Amino acid sequence: MFLLLLFTFFQIETFSVGEGYFVLIDSPKDGTTFSSYRLSNPERIVLEINGSLKETFSNLSPPVIKVEKTERSNFTRVIFHVEERSFYTVLNRGNQILIGFRETIFLDHEDFDSIAGMLREYVKAEKEVKPQPEMEVVEKKRDESELISIMMKEREVSRKRAEEEKRRLAELERQRIEEEKRKLAELERQRIEEEKRKLAELERQRIEEEKRRLAELERQRIEEEKQRLAELERQRIEEEKQRLEELERQRIEEEKRRLAEIRKIESEKERERLLELERQRIEEEKRRLAELERQRIEEEKRRLAELERQRIEEEKRRLAELERQRIEEEKRKLAELERQRIEEEKQRLEELERQRIEEEKLRLAELERQRIEEEKRRLAQKQEKRKREDIPHKKAVRTEDGEIRHLTVVKAEKKSEMSEKISKLPVRKVGERGALKNLSFRKFAEFSRVSLEITGDIDYQFREIKGGFVIDVRNFGKIPQHVLHIIDTRAFNAEVEYIYPKRVDDIFKIYIKAEPGIAVRKSEDGNIVNLDFFVPTIK
């Protein structure tokens, strides 16, 4: 008995209307949690719900081929085998879930009660059709043909409206992508320009510094070279003087000996002739020595020029090597600085995320407290109102899981799209307008979460569309301006690429871009509605 109280049993209703198949699931307790996703090969729609489904699925009609149901310890998995490229939509309100299979389903601005009421009234009208006398058969067929004609027209109008919606969404997506590309290109261009300017400034400063350093090195080298050449020249002159003095001394000694010999052998005339010859020889020797000196100087100049050229080549190679080493060192320093910047940015983001989580916990605790106070006040007002109006109500049944309240079913009013044969349906509208206070996104390890923070009674529904999902929020109050901003999640590598909120007339639409095959799980935590998008593990 205890297990039965903990486990929730759901009631289901199935409807086959025209070319569509609908399933309405009702839970006796609030806080229904479910998830839905699509599988391929073959085409299947999976619905997982936290409870047990006692009834079976009957009256199957296209596009649903067959239904499989598997019950686990804490949830039930229902697999709808559908035709290829079939459309489906899941609507949720409170403890009721409506899943429908039809191409043009729920594209009109209809609320949950209106759709459920129309489905029940349509099935009721079909059951009440009885055989009539033969004379009335023609009139019946004519009415049915008119009904089918009206439904076909409504289907065509819905199809055109869906195509128009798809085109509009595609155009909005294209414009958004173009604007995003333009902004990114502009930011990239500005960043590149700034980077180029900084690099040019750094390169200019480096070149100026290098020029100053090279000029200083060149000046020092020239001074050292001048000193070295001056020292070499001085040494050479000293050596040359010593050599010439030695030669002159030897020559004089030789000459003295020769003259002494001449004086002994020849006469004065012969001596004069010898002196003339000696003079000529000395002149010839001077010319020869001058020529040798010139050749030596030319050779020395060539040698010094070759040494200078080799020194310049060696200096160029050394500077090129120094420049390469400097560039490598600069690259290494920049890489190290970039790594340090990334580490600091990660630490800063982690710290900001931690602070945001702490603030979010405090805010959620405060919101939960306010919601409980508001719920108590609202319940007190309702009880007071019921006492004043003296409306009889069924007592709430208390269980270990809480109170189970009986729902009062009110028929929806007549819609213009239904056949003339269907009577007027009183539609129950939500009395109080809720408020959508915030729309947020968080990336977890295995799923992405889109959270709606609401107050009051919010009527919302979501459906799968080409390229993702859309959530329609109704009867909302004022929406904060920051909620209308696009949330780009591509930097997180998330299952959701971006979230595009937009207000259309009296409906607030939240477009969620996602890859095909992404599963959706809905849960509630106080006044927070969480929609988790993940990759299903079922094959």
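In this text the structure is predicted, and so the values were computed from the model without any measurement. Worth knowing before you read on, the calculation uses all heavy atoms, side chains too, and leaves out hydrogens, waters and symmetry mates.
Summarising the geometry, atom CG belonging to Leu98 is positioned 9.0 Å from atom OG1 belonging to Thr89; distances are rounded to the nearest 0.5 Å. A distance of 10.0 Å separates CZ of Arg377 from CD of Glu375, quoted to the nearest 0.5 Å. The CD1 atom of Ile45 sits 7.5 Å away from atom OG of Ser86, with the distance rounded to the nearest 0.5 Å. Note that OG1 of Thr70 is 5.5 Å distant from CD1 of Ile79, once rounded to the nearest 0.5 Å. Taking CG of Leu47 as the reference point, atom OG of Ser35 lies at 7.0 Å (rounded to 0.5 Å). Atom CD1 of Ile486 sits about 5.5 Å away from atom OH of Tyr500, to the nearest 0.5 Å.
Of all non-hydrogen atoms in Ile65 and Glu83, the two that sit nearest each other are CD1-N, 4.1 Å. Taking every heavy atom of both residues into account, Leu439 and Val450 meet most closely at CD1-CG1, 3.8 Å. Contact between Ser451 and Ile528 at its shortest, heavy atoms only, is CB-CG2, 4.1 Å. Listed here is the closest heavy atom pair of Ser61 and Gly20: OG-O, 3.3 Å. In terms of heavy-atom proximity, Glu497 sits nearest to Thr489 at O-OG1, 2.7 Å. The two residues Lys437 and Leu367 come nearest to each other via the heavy atoms NZ-CD2, 3.4 Å.
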Next item on the list: Check step by step if salt bridge (Lys or Arg N to Asp or Glu O under 4.0 Å) holds for Glu180 and Arg182.
Entry: CA-CA 5 Å; Glu180 189 72 17; Arg182 187 187 65 76; over 6 Å; no
Next item on the list: Before giving the answer on salt bridge (Lys or Arg N to Asp or Glu O under 4.0 Å), spell out for Arg77 and Glu71 the whole-Å C-alpha distance, their side-chain angles and the decisive distance to 0.1 Å.
Entry: CA-CA 6 Å; Arg77 177 181 293 151; Glu71 291 192 2; over 6 Å; no
Check: Yes or no on side-chain contact (heavy atoms from CB on, under 4.5 Å) for Ile510 and Ile499, after CA distance, side-chain angles and deciding distance?
Finding: CA-CA 7 Å; Ile510 305 171; Ile499 304 167; 3.6 Å; yes
Checklist line | Full working for side-chain contact (heavy atoms from CB on, under 4.5 Å) between Phe508 and Leu484 | finding: CA-CA 10 Å; Phe508 180 59; Leu484 296 173; 3.5 Å; yes
Margin query: As a quick check of understanding, evaluate side-chain contact (heavy atoms from CB on, under 4.5 Å) for Lys509 and Tyr511, giving each step before the final call.
Written below: CA-CA 6 Å; Lys509 293 182 177 290; Tyr511 298 98; 3.1 Å; yes
Check: Given the rule in the side-chain contact (heavy atoms from CB on, under 4.5 Å) test, do Leu531 and Arg449 qualify, once you have shown the distances and angles that lead to the verdict?
Finding: CA-CA 6 Å; Leu531 296 172; Arg449 171 168 290 179; over 6 Å; no
Margin query: Run Glu48 and Arg72 through salt bridge (Lys or Arg N to Asp or Glu O under 4.0 Å) and show every step you take.
Written below: CA-CA 10 Å; Glu48 294 179 349; Arg72 301 296 175 90; over 6 Å; no
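When side chains are defined from C-beta on, Ile518 counts as touching Val535, because their heavy atoms get closer than 4.5 Å. Put simply, the side chain of Arg159 does not reach to within 4.5 Å of the side chain of Glu164, judged on heavy atoms. Taking the side chain as every heavy atom from C-beta outward, Asp532 and Val520 never approach each other to under 4.5 Å. The shortest distance between side-chain heavy atoms of Glu359 and Ile357 does not fall below 4.5 Å. In this structure, Phe22 and Thr14 have side chains that are not in contact, with every pair of non-hydrogen atoms separated by 4.5 Å or more. Side-chain contact check for Val90 versus Ile97: some heavy-atom pair is nearer than 4.5 Å. Residues Leu39 and Pro536 are in side-chain contact: their nearest non-hydrogen atoms beyond the backbone lie under 4.5 Å apart. Side-chain contact between Ile99 and Phe101 is present, with heavy atoms from C-beta onward closer than 4.5 Å.
For Arg521 and Phe534, the positive end sits near the middle of the six-membered ring, less than 6.0 Å away and at most 45° from its axis.
Using a cut-off of 4.0 Å between Lys/Arg side-chain N and Asp/Glu carboxylate O, Glu163 and Lys166 are scored as not salt-bridged. Between Arg363 and Glu453, at least one side-chain N (NZ, or NE/NH1/NH2) sits under 4.0 Å from a carboxylate O, which counts as a salt bridge. Salt-bridge formation is detected for the pair Glu186/Arg189: a Lys NZ or Arg NE/NH1/NH2 atom is positioned less than 4.0 Å from an Asp or Glu carboxylate oxygen. Looking at Glu179 and Arg176, no side-chain N of the basic residue comes within less than 4.0 Å of a carboxylate O on the acidic one, giving no salt bridge. Salt bridge Glu495/Lys443: present, at least one basic N to carboxylate O contact under 4.0 Å.
Side-chain N or O atoms of Thr76 include one that pairs as donor or acceptor with a backbone N or O of Gly51 at under 3.5 Å. In terms of modelled atom types and a separation under 3.5 Å, the side chain of Asn41 and the main chain of Glu43 share no donor-acceptor contact.
Residue-environment remark: NZ (Lys196) stays at or below the threshold of 12 foreign heavy atoms within 6.0 Å. In the displayed structure, Glu446 atom CD is contacted under 6.0 Å by at most 12 heavy atoms of other residues, nucleotides or ligands. Within 6.0 Å of atom CZ in Phe444, more than 12 heavy atoms from other residues, nucleotides or ligands are found, so the atom counts as buried in its surroundings.
Side-chain atoms of Gln340 and Glu344 include no donor-acceptor pair closer than 3.5 Å.
Separation of the Phe469 and Phe533 ring centroids falls under the 6.0 Å cut-off.
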